[in-house]
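What follows is a single structure, written as structure tokens, with notes after it.
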2 protein chains.
Amino acid sequence: MANTNGPTRERIKEEAYLLLQEKGLAGLSMRALADRLHIKAPSLYKHVGDKEEIIADLQARGISEFAAIIQQAGKSKKSKALAYRKWAKENPHLYEVTLRTPLLRSRIPSGLEEGVTHMIIEITGKDHEHARAVWALMHGLVDLEIAGRFPENADLDKTWKRAIELIG
Amino acid sequence: MANTNGPTRERIKEEAYLLLQEKGLAGLSMRALADRLHIKAPSLYKHVGDKEEIIADLQARGISEFAAIIQQAGKSKKSKALAYRKWAKENPHLYEVTLRTPLLRSRIPSGLEEGVTHMIIEITGKDHEHARAVWALMHGLVDLEIAGRFPENADLDKTWKRAIELIG
DNA sequence: ACCTGAACACCGTTCAAGT
DNA sequence: ACCTGAACACCGTTCAAGT
């Protein structure tokens, strides 16, 4: 035996997070993850069910981080919106897993998603429909920006300013 | 020789489009594409440079279709918005390649992207910033809807109505 | 000029075998 | 209880060899 103690489930998920931040979603393979833990890929399956379990854990982490960031931001809608953008740009890989990958609802802690929805409704101060439209606007801006979809000469600060006016 | 005529580049790209519509982006592999053309995967490389060339072609097709759909829709912003939603929902795989996959700018016909940008600005009737915010809102709504991100009991018709009011 | 099998460097996952 | 090598069914792509 090379190791006296194998990695715990927590250790695996933490290492998956670090690997994601370093190499992105495409670089997060079971083999690469196993390498970092100094075990072989098949051994991972003694600790986690499958790769989806790892992805679901990262999504839960992303949702929690996101909620914390928005709550800590200033009270105005503008502060909240700019915090959303800042967080997404600073954590593009986590953003991709959390918001650009189908949500593994059955595998994340129940209540997590609902909590965030509730928070957004409180911030926007109106009903579900308005809250969803606001969220879609923020998400759309971030998504198109991360994907490099806006032309290079686009003034995105100005675009966000205008978007925030829209939802004011 | 099994075939007297191998597939043309056009035939390959058309078959790629059909395969995409049937099996989605994940099902669009070079091997599966070759199977449909009754050749082996390595033979594809005598006709196309690589898989990116095929993806770029699909993106160009998606952009063109999208532009046509929006132009054909009624003149009001509401009609245009609902046409956007309808097209995306009816062509989720093409939407994914075209708008959820990094745009291969260097490999699509020049002017295509700019043409669409120009069109959106004309429709929204204001400046670049406003047009981008409107586009982000539409894209965000579609993206979250396709990804199944809204709760199951969400009334999306109502959400779109509210979003359209926002940009009125 | 076009097509092929074999190969390379990858995936996620299973399983019998070892300790 | 945990780890392993070998294997299976996949990827995109290259290349020498055939016609």
Side-chain angles (χ1 to χ4, degrees), chain A residues 1-59 93 96-97 100-104 106-108, chain B residues 1-59 93 96-97 100-104 106-108:
Chain A
M1 38 158 162
N3 292 358
T4 42
N5 314 11
T8 62
R9 185 193 301 242
E10 286 314 306
R11 176 77 208 293
I12 290 172
K13 289 181 175 174
E14 180 60 24
E15 206 64 42
Y17 172 76
L18 296 173
L19 180 54
L20 173 74
Q21 295 286 30
E22 279 177 38
K23 308 278 183 179
L25 186 53
L28 178 56
S29 75
M30 295 301 267
R31 283 171 163 89
L33 179 57
D35 278 352
R36 288 175 71 110
L37 295 159
H38 307 293
I39 58 175
K40 304 296 171 186
S43 304
L44 288 170
Y45 293 82
K46 295 293 164 184
H47 300 96
V48 298
D50 53 19
K51 190 177 180 180
E52 269 202 356
E53 184 181 328
I54 292 169
I55 298 295
D57 183 75
L58 292 169
Q59 290 184 331
H93 301 312
E96 175 157 29
V97 175
R100 302 194 77 239
T101 303
L103 185 62
L104 301 168
S106 63
R107 310 186 77 163
I108 62 171
Chain B
M1 39 158 166
N3 292 357
T4 42
N5 314 13
T8 61
R9 184 192 302 242
E10 286 314 305
R11 176 77 207 294
I12 289 172
K13 290 180 175 174
E14 180 59 23
E15 206 64 42
Y17 172 76
L18 296 174
L19 180 54
L20 173 74
Q21 295 286 29
E22 279 177 38
K23 308 277 181 180
L25 185 53
L28 177 56
S29 74
M30 296 300 268
R31 285 171 162 91
L33 179 57
D35 278 352
R36 288 175 72 109
L37 294 160
H38 307 292
I39 58 174
K40 304 297 171 187
S43 304
L44 288 170
Y45 293 83
K46 294 294 163 183
H47 300 96
V48 297
D50 53 19
K51 191 177 178 180
E52 269 203 355
E53 184 180 327
I54 292 168
I55 298 294
D57 184 75
L58 292 169
Q59 290 185 329
H93 301 312
E96 175 157 28
V97 177
R100 302 194 77 238
T101 303
L103 186 62
L104 301 167
S106 62
R107 309 186 78 163
I108 62 170

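We name chains A, B, ... by the order of the sequence lines, and we start the count at 1 in each one. The figures that follow rest on heavy atoms only: side chains count, while hydrogens, waters and symmetry mates do not.
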Exercise. Rounding to a whole Å, what distance do you find between B:R11:CZ and C:dC2:C1'?
Worked result: 16 Å
Problem set entry | Spacing of A:H38 atom NE2 relative to D:dC3 atom C1', expressed in whole Å | 15 Å
Problem set entry | Spacing of B:L44 atom CG and B:I39 atom CD1 [to the nearest 0.5 Å] | 4.5 Å
Exercise. In dot-bracket form, how is DNA chain D paired, counting a Watson-Crick or G-U wobble pair only if both its distances are under 3.5 Å and using | for bases paired to another strand?
Worked result: ||.|||||...|||||.||
For this session: Could you tell me the separation between the NZ atom of A:K23 and the P atom of C:dC10, rounded to a whole number of Å?
Result: 12 Å
Exercise. Touch check for B:S43, heavy atoms < 4.0 angstrom, all strands: base, sugar-phosphate only, or nothing?
Worked result: base
Seminar exercise, completed: A:D50 CG to C:dC11 P, in whole Å, measures 17 Å
Seminar exercise, completed: Atom CE of A:M30 and atom P of C:dT13 are separated, to the nearest Å, by 6 Å
For this session: Between C:dC15, D:dG12, C:dC3, spot the one nearest the side chain of B:K51, thanks.
Result: D:dG12
Problem set entry | Side-chain N or O of B:K46 closer than 4.0 Å to phosphate OP1/OP2 of C:dC3 | no
For this session: When you get a sec, tell me which of C:dT14, C:dC3, D:dT14 is the closest nucleotide to the side chain of B:H47?
Result: C:dC3
Exercise. Does A:D50 come within less than 4.0 Å of A:R107, counting only side-chain N to carboxylate O?
Worked result: yes
Exercise. Do A:L25 and A:H93 have side-chain heavy atoms sitting under 4.5 Å apart?
Worked result: no
Exercise. In whole Å, what is the span from the OH atom of A:Y45 to the C1' atom of D:dC3?
Worked result: 15 Å
Exercise. To the nearest 0.5 Å, what is the distance between CD1 (A:I54) and CG (A:L33)?
Worked result: 5.0 Å
Exercise. Considering only D:dT13, C:dC3, C:dT13, which nucleotide approaches the side chain of B:A41 most closely?
Worked result: D:dT13
Exercise. How close or far is atom P of D:dT4 from atom CZ of A:R31, stated in whole angstroms?
Worked result: 14 Å
Seminar exercise, completed: In whole angstroms, the gap separating C1' of C:dG12 from NZ of A:K40 amounts to 17 Å
